[in-house]
S.K.: 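This is the structure, below, for whatever I ask next.
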There are 2 protein chains.
Amino acid sequence: MARMNPDLRRESIVAATLSVMQRHGIAATTVRDVAAELGTSSGLIHHYVTSMDELITEAFERAATEDLERAAAAIDSGSEPIDRLSRFFESYTRADDDSGMQLWLDAWAEAARRPALQQASRRLNEDWQRLLCTLIQDGCARGVMSSEDPEGAAWRLLSLLDGLTLQCVAHGDTVTREQVMIWSHRAAEMELGLPHGTLT
Amino acid sequence: MARMNPDLRRESIVAATLSVMQRHGIAATTVRDVAAELGTSSGLIHHYVTSMDELITEAFERAATEDLERAAAAIDSGSEPIDRLSRFFESYTRADDDSGMQLWLDAWAEAARRPALQQASRRLNEDWQRLLCTLIQDGCARGVMSSEDPEGAAWRLLSLLDGLTLQCVAHGDTVTREQVMIWSHRAAEMELGLPHGTLT
DNA sequence: GGAGTTATTGGACAGTTGCGCAATAGTGAT
DNA sequence: ATCACTATTGCGCAACTGTCCAATAACTCC
């Protein structure tokens, strides 16, 4: 394989790892699979990464961070709190993308066995909660939302969303994507004192 | 090891598999672990079971079914709908002790890649939903609860519970067990038109 | 050009996995 | 007591895993 700039190479290794993870799942991602995906030898991976656990954690972290940043950007393109909330839901439940949620399912399951992954998963979950929480606090400060407990409200809405989406992704159609959207909108309206139908 | 009645032996193998699964998770359950748990040779397992996949699926199915039956029994020991609902929450969050929930996390993650496991996981999830749904419908029929959509209400409450408990089990204490209890009680009260504080 | 650096290779290693199979040893019937 | 039956053994096998390492080859600088 052609010699490559170390930074780019590391980048490409993480990217290859991510795509293997999405195809086979975190538990079934091996050094050799990553090397094959990359078209290099397996030894190369350990020249850039000290352990497989570290690599998997980094790949997950990267994917989840990108999702989070994409959501934050989508939210920031709206100015009104209600609009921003709407954008939050929209970016959280991307209908075309099962792989994102599947990655989270893998991460939650593997967290018990991989301390590094657990730490990353936990941190990113908290980041999502914080994103929603500040959005709610902003809405309250501007007087268009009301909540006695924005922290808790964020956890409740996020958990409802996770629990519902989980059914979609893991079981096919026990719960439909449309129901996830409608029900989480309704929950947010009740939780934040919004008139029914406020969220599209 | 003493010779044993084939039916009992098969039973004991599934039971041993289950306890290993609860301790180490689905992905980390091996033939040799099960044999060690049982105190027999590893070869014996394959004398009763054609593949490891089959054994794991069967053990998961058994575990979840037992949890479900335990919950149903706990509910049936109450007569008033509110009391029965209270018992439902109690048995659901206790089943999530830790080991039980880890099993579900593993199952949800693996479901997309293992059809047999997906089928079992899906069926059991739907059973839980049905249990809660009939409980709600009963409460409505007796005039102590109100819901326009018992089916959906059951999915929403269950998913909230799953999402919250998931945080407890996967991440330690992002959300505490007490919060799970309080928040899901509150959600049920709002969802079913019960006065605040109705559920203990 | 040649020399030094280092990205890359491909295989060795010790560990694990699910599974198969000949041999052994209980068990009940005759 | 001898038989057929089969539960049980424990090892062997091939395939896989993460990790490591000497050899190689590509690149930069002089």
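First the proteins, then the strands, lettered A, B, ... as listed; each starts at 1. Below, each value reflects all heavy atoms present in this structure, side chains not excepted, and no hydrogens, waters or symmetry copies. Worth saying up front: this structure is predicted, and the values here are computed from it rather than measured.
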S.K.: Using the closest heavy atom to pick a nucleotide of DNA chain D for each, name whichever of B/Arg32 or B/Gly39 lands nearer the 5' end.
M.R.: B/Gly39
S.K.: Closest approach to the side chain of A/Ser41, judged atom by atom: which nucleotide of D/dT9, C/dT9, C/dC19 is it?
M.R.: C/dT9
S.K.: Between C/dC19 atom P and B/Met52 atom CE, what is the distance in whole Å?
M.R.: 8 Å
S.K.: Measure CG/B/Leu8 against P/D/dA7 and give the value in whole Å, please.
M.R.: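 That distance rounds to 12 Å.
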S.K.: Taking the side chain of A/Pro6 as its heavy atoms from C-beta onward, which of D/dG18, D/dT19, C/dA7 lies nearest to it?
M.R.: C/dA7
S.K.: Decide, yes or no, whether a salt bridge links A/Arg87 with A/Glu80 under the criterion of side-chain N to carboxylate O below 4.0 Å.
M.R.: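 Looking at A/Glu80 together with A/Arg87, the answer is no, because their closest N to O distance does not fall below 4.0 Å.
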S.K.: Once you round to the nearest 0.5 Å, how far does CG of A/Asn125 lie from CG of A/Leu158?
M.R.: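 Spacing of CG (A/Asn125) from CG (A/Leu158) equals 6.5 Å.
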S.K.: It should be established whether A/Thr30 places a side-chain nitrogen or oxygen under 4.0 Å from OP1 or OP2 of nucleotide D/dT17.
M.R.: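 The answer is yes; a side-chain N or O of A/Thr30 sits under 4.0 Å from OP1 or OP2.
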S.K.: Is there a side-chain contact between B/Val169 and B/Arg177 (heavy atoms, below 4.5 Å)?
M.R.: yes
S.K.: Would you say B/His47 places a side-chain N or O within less than 4.0 Å of OP1 or OP2 belonging to D/dT8?
M.R.: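 Answer is no, no contact under 4.0 Å.
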S.K.: Rounded to whole Å, please give me the gap between CZ in A/Arg114 and P in D/dT17.
M.R.: 13 Å
S.K.: To the nearest angstrom, how far is A/Asp53 atom CG from D/dT17 atom C1'?
M.R.: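 Distance check: A/Asp53 CG to D/dT17 C1' gives 13 Å.
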S.K.: Could you list the residues that satisfy salt bridge (Lys or Arg N to Asp or Glu O under 4.0 Å) with A/Asp76, not counting sequence neighbours?
M.R.: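 Applying salt bridge (Lys or Arg N to Asp or Glu O under 4.0 Å) to A/Asp76 gives A/Arg84.
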S.K.: Using a 4.0 Å heavy-atom cut-off to protein, can you give one letter per nucleotide of nucleotides 20-30 of chain D, 5' to 3': B if the base is in contact, S if only the sugar-phosphate is, - if neither?
M.R.: B-----BS---
S.K.: Would you kindly give the CD1-to-P distance between A/Ile13 and C/dT9, to the nearest whole Å?
M.R.: 10 Å
S.K.: Using a strict cut-off of less than 4.0 Å between a Lys/Arg side-chain nitrogen and an Asp/Glu carboxylate oxygen, indicate whether A/Arg113 and A/Glu110 qualify as a salt bridge.
M.R.: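 Looking at A/Glu110 together with A/Arg113, the answer is yes, because their closest N to O distance falls below 4.0 Å.
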S.K.: Starting at CD1 of B/Ile56 and ending at P of C/dC19, how long is that distance when rounded to a whole Å?
M.R.: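 Between P of C/dC19 and CD1 of B/Ile56: 10 Å.
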S.K.: Taking CG from A/Asp33 and P from D/dA15, how many angstroms apart are they, rounded to a whole number?
M.R.: 17 Å
S.K.: Using whole Å, what does the distance between atom P of nucleotide D/dT6 and atom CZ of B/Arg10 come to?
M.R.: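 Whole-Å distance recorded here is 17 Å.
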S.K.: Can you tell which of C/dC19, C/dA7, C/dT9 lies closest to the side chain of A/Tyr48?
M.R.: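 So the side chain of A/Tyr48 is nearest to C/dA7.
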S.K.: Would you say B/Arg9 places a side-chain N or O within less than 4.0 Å of OP1 or OP2 belonging to D/dT8?
M.R.: yes
S.K.: How would you list, by chain and number, every residue that makes a ring-ring contact (aromatic ring centres under 6.0 Å, His included) with B/Trp155, sequence neighbours excluded?
M.R.: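 B/Trp155 satisfies ring-ring contact (aromatic ring centres under 6.0 Å, His included) with no residue once adjacent residues are dropped.
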S.K.: Kindly assign one of parallel, tilted or perpendicular to the pair B/Tyr92 and B/Phe88, based on the angle between their ring planes and the thresholds 30° and 60°.
M.R.: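 Correct class here is parallel.
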